[in-house]
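Computation of the quantities below employed the complete heavy-atom set of this structure, encompassing side-chain atoms and omitting hydrogens, waters and symmetry-equivalent molecules.
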Amino acid sequence: MNLTICQNTMELGAKASKEGAILIREAIQKQGFANIILATGTSQFETLNQLLAEKDIDWSKVTVFHLDEYLGLPITHPASFRKYLLERFFTHLPQLKSYFLINGEVDPAEECARLGELISKHPIDVAFVGIGENGHLAFNDPPADFETEEPYIVVDLDHACRMQQFGEGWFPNLEAVPQQAISMSIRQIMKSKAIICSVPDSRKALAIKNCIEGPISPDHPASILQSHPDYQLFLDEGSSSLISMH
């Protein structure tokens, strides 16, 4: 793990996006294309904004997957991750080679199979991810499934995860937060050649402590990232406040 502690969210986004951009350029230079994963949510605003501003990325050679989407949530809903990426990222990159979004409004088993087949043909060069307040990676809430080889799975969202989504203002009340989602699996995320993890905010501090200083455990799903050979973690003063190396 390569750890970078930044003074604030802006610096975190700038440094994470810069390192991610280097990896994207290297993949394009080496193989003529790059396949990447983008995370969504409040914690990713700055990283995605500043990734868009990076120079000399040939986006016409980049294919994008994303991590998760709520079941049954229309694309018009403010909390839709498809809507998030379309508005915050894809509309700014009309030259993008392709992107594959998770549709939570169709049969979930068929959608998981469709996406699994697609991602098997697009080995991931760089995954941009975050870590939830409950330590989740994508929507793999604790205890996460570390064993399944399925690339995409249907998951139940735990209370802490749903409280986070409500607390961030995506939903009017807790009851409105869906109870299930389609998520990229832990093993599929870990197949990425490189992982850029952006985690700002003091409300993530305990999860960060558990996931980088504790043992690798399904009870702290993002702890699995400790075992990845090319893992860069970007924290700010708040999210790093409880770790011993702060």
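- The cluster map of Ile, Leu, Val, Met, Phe, Trp and Tyr, joined by side-chain heavy atoms under 4.5 Å apart, puts L85 and Y152 in different clusters.
- Side-chain atoms of Q232 do not come within 3.5 Å of backbone N or O of A16 as any donor-acceptor pair.
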Show every donor-acceptor pair shorter than 3.5 Å between a side-chain atom in residues 94-101 and any protein atom, with sequence neighbours excluded, or say none if there are none.
residue	atom	partner	partner atom	Å
S98	OG	T63	OG1	3.0

Y84 and L86: side chain to side chain contact (heavy atoms under 4.5 Å, CB included), yes or no, with the steps?
CA-CA 6 Å; Y84 178 115; L86 286 165; over 6 Å; no
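- With a 4.5 Å cut-off on side-chain heavy atoms, S227 and M190 count as touching.
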Under 3.5 Å, sequence neighbours excluded: what are the donor-acceptor pairs made by side chains of residues 116-124?
residue	atom	partner	partner atom	Å
S120	OG	E117	O	2.6
H122	ND1	L118	O	2.8

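- Using a cutoff of 4.0 Å between basic side-chain nitrogens and carboxylate oxygens, E133 and R203 are scored as salt-bridged.
- Contact annotation: the side chain of K191 approaches that of E149 to within less than 4.5 Å [non-hydrogen atoms, C-beta and beyond].
- Ion pairing between a basic and an acidic side chain is recognised when a charged N comes within 4.0 Å of a carboxylate O; E150 and R187 show no such pairing.
- The salt bridge (charged side-chain N to carboxylate O under 4.0 Å, His left out) test applied to E26 returns no partner, not counting sequence neighbours.
- Using a 4.5 Å heavy-atom cutoff, the side chains of E111 and E105 are not in contact.
- Criterion: ILVMFWY side-chain heavy atoms under 4.5 Å apart, direct or through other members. Under it, F139 and I186 are not part of a common hydrophobic cluster.
- Linking Ile, Leu, Val, Met, Phe, Trp and Tyr whenever their side-chain heavy atoms come within less than 4.5 Å leaves I22 and L12 in two separate clusters.
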